[in-house]
2 protein chains.
Amino acid sequence: MKKKAPVAPAMRAGALTGQAEDYLKAIYEMEQGGEPAATTAIAELLGIAPASVSGMLQRLARLGLVQVERYRGARLTHIGRSAALQLIRRHRIIESYLVTRLGYGWDEVDEEAERLEHGASTDLVERMAAALGHPTEDPHGAPIPTSEGLVDERRLQSIADLAVGQTARVVRMSDRDSEFLRYLAGMGIRPGATVKVAEREPFEGPVTITVRGKKHPVGIAAASRVYVESAPARRRGRG
Amino acid sequence: MKKKAPVAPAMRAGALTGQAEDYLKAIYEMEQGGEPAATTAIAELLGIAPASVSGMLQRLARLGLVQVERYRGARLTHIGRSAALQLIRRHRIIESYLVTRLGYGWDEVDEEAERLEHGASTDLVERMAAALGHPTEDPHGAPIPTSEGLVDERRLQSIADLAVGQTARVVRMSDRDSEFLRYLAGMGIRPGATVKVAEREPFEGPVTITVRGKKHPVGIAAASRVYVESAPARRRGRG
DNA sequence: CATAAAAGTTAGGATATACTAAACTAAGAG
DNA sequence: CTCTTAGTTTAGTATATCCTAACTTTTATG
């Protein structure tokens with residue numbers, strides 16, 4: 001209800017449609033490391049056809065949010081990156097709020113936040129942040145960008161990067177896919193947990209890790225989605 | 001992010017798109033009283049062209065949510081009414097939550113709730129309801145339908161219906177248009193306040209009402225959007 | 001380095017919504 | 001009971017997304 005503006009459900013300053021927002025977040029996450037985000041990779045992450053991505057990238061480019069190199073992929077412009085960081089901030093604050101105030105499990109909150117973030121106003125998000133005391137990490141341990149868009153993306157190692165015998169503290173893990181998160185939780189892997197690599201099969205094989213005294217074999221795909229802070233670990237504050 | 005289903009951003013059981021949801025709520029509010037909701041009235045309430053409404057009504061009819069009588073308007077089917085009540089429940093619970101838990105003013109919360117309700121899952125809404133102790137009225141005094149869809153739509157009078165000299169207690173007011181709500185608040189008119197009609201100009205002219213000892217002239221349009229419970233008033237519990 | 005496989009793009013359609021302009025209906029005024 | 005007009009609907013478009021099929025470019029292989 002209430003008079004609506006022309007057509008686009010802009011609602012927020014950025015004036016992007018929900019879908020376009022998802023693209024920005026996806027590109028932000030994939031382009032880490034100089035390389036532009038590949039069309040197919042974006043398509044896979046968002047669950048849409050590569051052809052659709054090509055089209056959207058052109059639109060985003062027209063809006064000055066990404067820079068597209070034909071047949072190579074897209075990278076965010078400064079404006080695009082800043083927009084993406086704002087979206088990530090929204091997402092992580094909403095996740096934090098849902099977990100802290102409404103009893104959501106950290107392994108099921110991503111989906112709900114994904115839908116809410118497209119409708120929530122910046123004002124609401126900031127109220128949530130304030131209610132939580134301006135948290136700096138979300139429930140999965142991922143850093144929350146500040147409202148200025150900065151983010152501490154310290155280069156973390158994943159379990160897959162550790163050598164046999166190394167001990168490390170889990171800092172964060174990929175937040176999507178609650179099934180995966182529950183699987184990790186079942187082994188005691190969560191932000192703050194200490195893990196140790198007991199064995200490693202060669203050729204990209206599974207890694208056997210020790211968590212709270214119990215050994216668990218973990219596939220390389222899963223291991224590389226759990227970020228750790230390699231540290232002698234043994235009782236310590238923050239990293 | 002996360003694999004998305006085919007095309008429609010269905011998300012909830014009902015599988016309606018956000019816009020369609022707004023139409024249902026609008027129709028629910030307008031058809032009160034046997035008469036179907038008129039195309040132009042819906043168009044005005046939603047701020048879109050009448051022609052667009054015609055198109056949407058056909059789509060809603062195809063979905064079995066409304067029954068359209070050409071050139072006369074639309075009324076909700078049982079399914080449509082039930083869907084509308086669910087949407088109203090969502091809206092009012094979200095409003096209540098925002099006011100109670102995030103410090104929103106009751107005069108500014110409608111817009112935020114309007115956007116949020118399209119993304120919030122039923123689970124989230126019920127969690128909010130539970131966190132608030134399953135409220136039965138929203139911040140504007142409007143009843144919240146139960147999850148079964150029932151709603152206590154006791155026929156309320158508006159200030160415009162009162163006779164000179166009558167005293168009444170404000171029960172609720174139209175929730176959209178925060179400017180209007182602030183205007184009312186400025187006179188001390190809010191749910192629970194007691195008002196008395198001091199004078200009435202003839203021919204749909206303004207009504208002068210007394211609120212907390214002060215007299216205020218109120219246009220008939222505004223007066224008819226403030227619902228009261230005519231009662232001898234003078235210190236009493238609930239209605 | 002020629003060519004096949006992989007990755008990416010274009011073309012042509014589909015859906016949901018909205019808009020304007022033109023055509024049509026219903027309802028009140030004489 | 002006809003005519004004007006307010007209210008509706010239809011027709012033709014536009015935008016944002018998505019899809020499939022067909023074509024193009026890049027990359028990888030022998």
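This is a predicted model, so every value here is computed, not measured. In what follows, chains are A, B, ... by sequence order, proteins preceding strands, each numbered from 1.
Whole-Å rounding puts the A:R62 CZ to D:dT17 C1' distance at 13 Å. Remark: P of D:dC19 and CG of A:L46 are 10 Å apart, rounded to the nearest angstrom. One atom, CG of A:L63, and another, C1' of D:dA16, lie 11 Å apart when rounded to the nearest Å. Here D:dA16 presents its P atom at 17 Å from CG of A:D22, a figure rounded to the nearest Å. The separation between B:L60 atom CG and C:dT17 atom P is 8 Å, rounded to whole Å. Distance, B:I48 CD1 to D:dG7 P: 17 Å, rounded to whole Å.
Note on A:S52: a base of the nucleic acid sits closer than 4.0 angstrom, heavy atoms only. Among the protein residues, B:S54 comes within range of the nucleic acid bases, having at least one heavy atom under 4.0 Å from a base atom. Among the heavy atoms of the strands lying under 4.0 Å from B:R59 is at least one base atom, whether or not backbone atoms are also near.
OP1 or OP2 of C:dT10 has not a single side-chain nitrogen or oxygen of A:Y71 nearer than 4.0 Å. Contact between the side-chain N/O atoms of A:Q58 and the OP1/OP2 oxygens of C:dT9 is not found at any separation under 4.0 Å. The side chain of B:T40 places no N or O atom within less than 4.0 Å of a non-bridging phosphate oxygen (OP1 or OP2) of D:dA6.
Out of C:dA18, C:dT10, C:dA26, the shortest distance to the side chain of B:R72 is found at C:dA26. Side chain of A:T17, nearest nucleotide from C:dA16, D:dT9, D:dA16: D:dA16. Residue A:Q19 has its side chain nearest to D:dT17 when only C:dA18, D:dT17, C:dA27 are considered. Between D:dT17, D:dA11, C:dA18, one nucleotide has an atom nearer to the side chain of B:A51 than all others, and that is D:dA11.
A:P206 places none of its side-chain heavy atoms less than 4.5 Å from the side chain of A:V218.
Counted by atom type alone, B:E112 and B:Y104 present one or more donor-acceptor pairs between their side chains at under 3.5 Å.
With sequence neighbours left out, B:R81 forms a salt bridge (Lys or Arg N to Asp or Glu O under 4.0 Å) with B:E31.
With DNA chain D read from its 5' end, the first of the two nearest nucleotides for A:R70 and A:V53 is the one closest to A:V53. The residue among A:M56 and B:E69 whose nearest nucleotide of DNA chain D is located toward the 5' end is B:E69.
Judged by distance alone, the side chain of B:R89 and the main-chain N or O of B:P145 form a donor-acceptor pair under 3.5 Å.
Residue A:H91 forms a side chain to side chain donor-acceptor pair (under 3.5 Å) with just one option from A:E117, A:H118, A:E21, and that option is A:E117.
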